[in-house]
Amino acid sequence: MNTVLSRANSLFAFSLSVMAALTFGCFITTAFKDRRVPVDIHVSKVMLKNVDDFTGPRERSDLGFITFDLSLHLQPIFDWNVKQLFLYLSAEYATKSNVSNKVKLDMKSKYFFFDDGNGLRANKNITLMLSWNVVPNAGILPLVAGSGQISLPFPDTYESTKSY
């Protein structure tokens with residue numbers, strides 16, 4: 001005769017197997033979903049300053065400020081397997097010293113848009129792109145790029161105001 005503990009162990013093992021199957025079903029129903037949506041990025045102001053850089057050996061570096069508006073509809077991304085959504089704007093550009101630069105930007109500057117030198121001034125091809133990470137309840141963490149980007153030039157001269 002089975003004891004109470006062995007019956008409880010069998011019930012617990014069966015429950016875990018059922019939950020694992022349900023979790024896999026949750027993952028497989030949304031694993032191949034296309035999570036791209038159209039993105040419209042509008043830049044209203046671009047400002048460039050040449051400031052002291054205390055992080056490296058260089059005397060001064062370029063610091064860019066971008067005022068932008070985003071327009072997108074995120075409802076198609078959300079389903080029952082989405083726990084969180086992390087949005088971030090990235091700026092990609094090339095300079096003489098670096099072939100590829102990628103800087104993450106956000107609405108309230110947590111990370112400044114610094115270049116390691118003077119590569120932002122008069123740079124005519126800085127591309128802004130919105131991307132996001134979908135944090136699921138079960139499954140992989142996809143990195144999705146929005147289907148819209150904008151290229152913009154930076155000014156030829158530096159701003160002289162003291163306000164950031």
Side-chain angles (χ1 to χ4, degrees), residues 1-47 51 53-58 61-95 97-116 119-120 125-152 164:
M1 180 97 217
N2 292 336
T3 65
V4 173
L5 288 178
S6 67
R7 289 179 187 207
N9 184 28
S10 297
L11 181 63
F12 182 70
F14 177 73
S15 299
L16 283 180
S17 299
V18 169
M19 286 193 305
L22 289 174
T23 302
F24 180 75
C26 176
F27 158 69
I28 204 68
T29 57
T30 59
F32 304 107
K33 182 178 179 182
D34 186 17
R35 299 194 184 271
R36 289 178 294 170
V37 295
V39 175
D40 183 30
I41 304 170
H42 174 71
V43 175
S44 58
K45 183 179 180 184
V46 177
M47 191 169 62
V51 297
D53 184 7
F54 300 108
T55 61
R58 291 185 173 80
S61 294
D62 286 351
L63 176 61
F65 294 93
I66 300 174
T67 304
F68 60 91
D69 293 320
L70 299 175
S71 175
L72 68 154
H73 183 64
L74 295 173
Q75 184 63 33
I77 295 174
F78 286 96
D79 55 25
W80 55 278
N81 193 22
V82 174
K83 186 187 301 184
Q84 286 181 332
L85 191 66
F86 290 104
L87 298 168
Y88 59 91
L89 186 72
S90 61
E92 298 180 11
Y93 61 99
T95 61
S97 59
N98 297 319
V99 177
S100 177
N101 296 294
K102 191 169 188 177
V103 179
K104 303 284 190 241
L105 306 171
D106 43 10
M107 295 297 273
K108 191 170 185 176
S109 291
K110 182 177 179 181
Y111 307 107
F112 289 109
F113 189 1
F114 263 114
D115 183 61
D116 59 346
L120 291 178
N125 191 18
I126 296 182
T127 304
L128 299 179
M129 177 188 299
L130 186 72
S131 302
W132 49 86
N133 284 344
V134 178
V135 179
N137 291 314
I140 60 172
L141 180 73
L143 171 65
V144 182
S147 61
Q149 60 187 18
I150 185 171
S151 293
L152 60 118
Y164 290 127

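Scope of the values below: all heavy atoms of this structure, side chains included, with no hydrogens, waters or symmetry mates.
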Please evaluate residues L70 and L87 with respect to the criterion side chain to side chain contact (heavy atoms under 4.5 Å, CB included), reporting the C-alpha separation (whole Å), side-chain torsions for both, the decisive distance (0.1 Å), and the verdict. CA-CA 11 Å; L70 299 175; L87 298 168; over 6 Å; no
Atom CG of D40 and atom CG of D69: how far apart are they, to the nearest 0.5 Å? 9.5 Å
If we only count heavy atoms from C-beta on, is the S100 to K102 side-chain gap below 4.5 Å? no
Please name the pair of heavy atoms, one in Y93 and one in F113, separated by the smallest distance, quoted to 0.1 Å. CE2-CE1, 3.7 Å
Do S151 and I126 make a side-chain contact, defined as non-hydrogen atoms from C-beta onward lying under 4.5 Å apart? no
Where D115 and S61 come nearest, the two heavy atoms and their spacing: O-CB, 3.2 Å
Specify the closest pair of heavy atoms between I41 and Q149, including all atoms of both residues, with the distance to one decimal. CD1-CA, 4.4 Å
Using the salt bridge (Lys or Arg N to Asp or Glu O under 4.0 Å) rule, collect all pairs that involve residues 15-33, keeping only residues at least two apart or in two chains. K33-D79
Heavy atoms of L130 and L89 approach each other most closely as N-CD1, 3.9 Å
Contacts table for residues 11-31: side-chain donor-acceptor under 3.5 angstrom, sequence neighbours left out:
unit_1 : atom_1 : unit_2 : atom_2 : d
S15    : OG     : L11    : O      : 2.9
S17    : OG     : A13    : O      : 3.0
T23    : OG1    : M19    : O      : 2.8
T29    : OG1    : G25    : O      : 3.2
T29    : OG1    : C26    : O      : 3.1
T30    : OG1    : C26    : O      : 3.4
T30    : OG1    : N81    : ND2    : 2.7

I want to check something: taking the side chain as every heavy atom from C-beta on, are F68 and L152 in contact at a cut-off of under 4.5 Å? no
If you measure from CZ on F78 to CZ on R35, what distance do you get to the nearest 0.5 Å? 9.5 Å
Show the nearest heavy-atom pair for residues P38 and L72, with the distance to one decimal. O-CB, 3.6 Å
To the nearest 0.5 Å, atom CZ of F86 lies from atom CG of L141 at 9.0 Å
Between CD1 on residue I66 and CG on residue L128, distance to nearest 0.5 Å: 4.5 Å
Which residues share a side-chain hydrogen bond (donor to acceptor under 3.5 Å, both in side chains) with S147, sequence neighbours left out: none
Step by step, work out the side chain to side chain contact (heavy atoms under 4.5 Å, CB included) result for V37 and W132. CA-CA 11 Å; V37 295; W132 49 86; 3.5 Å; yes
Ignoring hydrogens, what is the shortest heavy-atom contact between A145 and R36? Give both atom names and the distance. O-CG, 3.5 Å
To the nearest 0.5 angstrom, please state how far the NE2 atom of H42 sits from the CD1 atom of I150. 8.0 Å
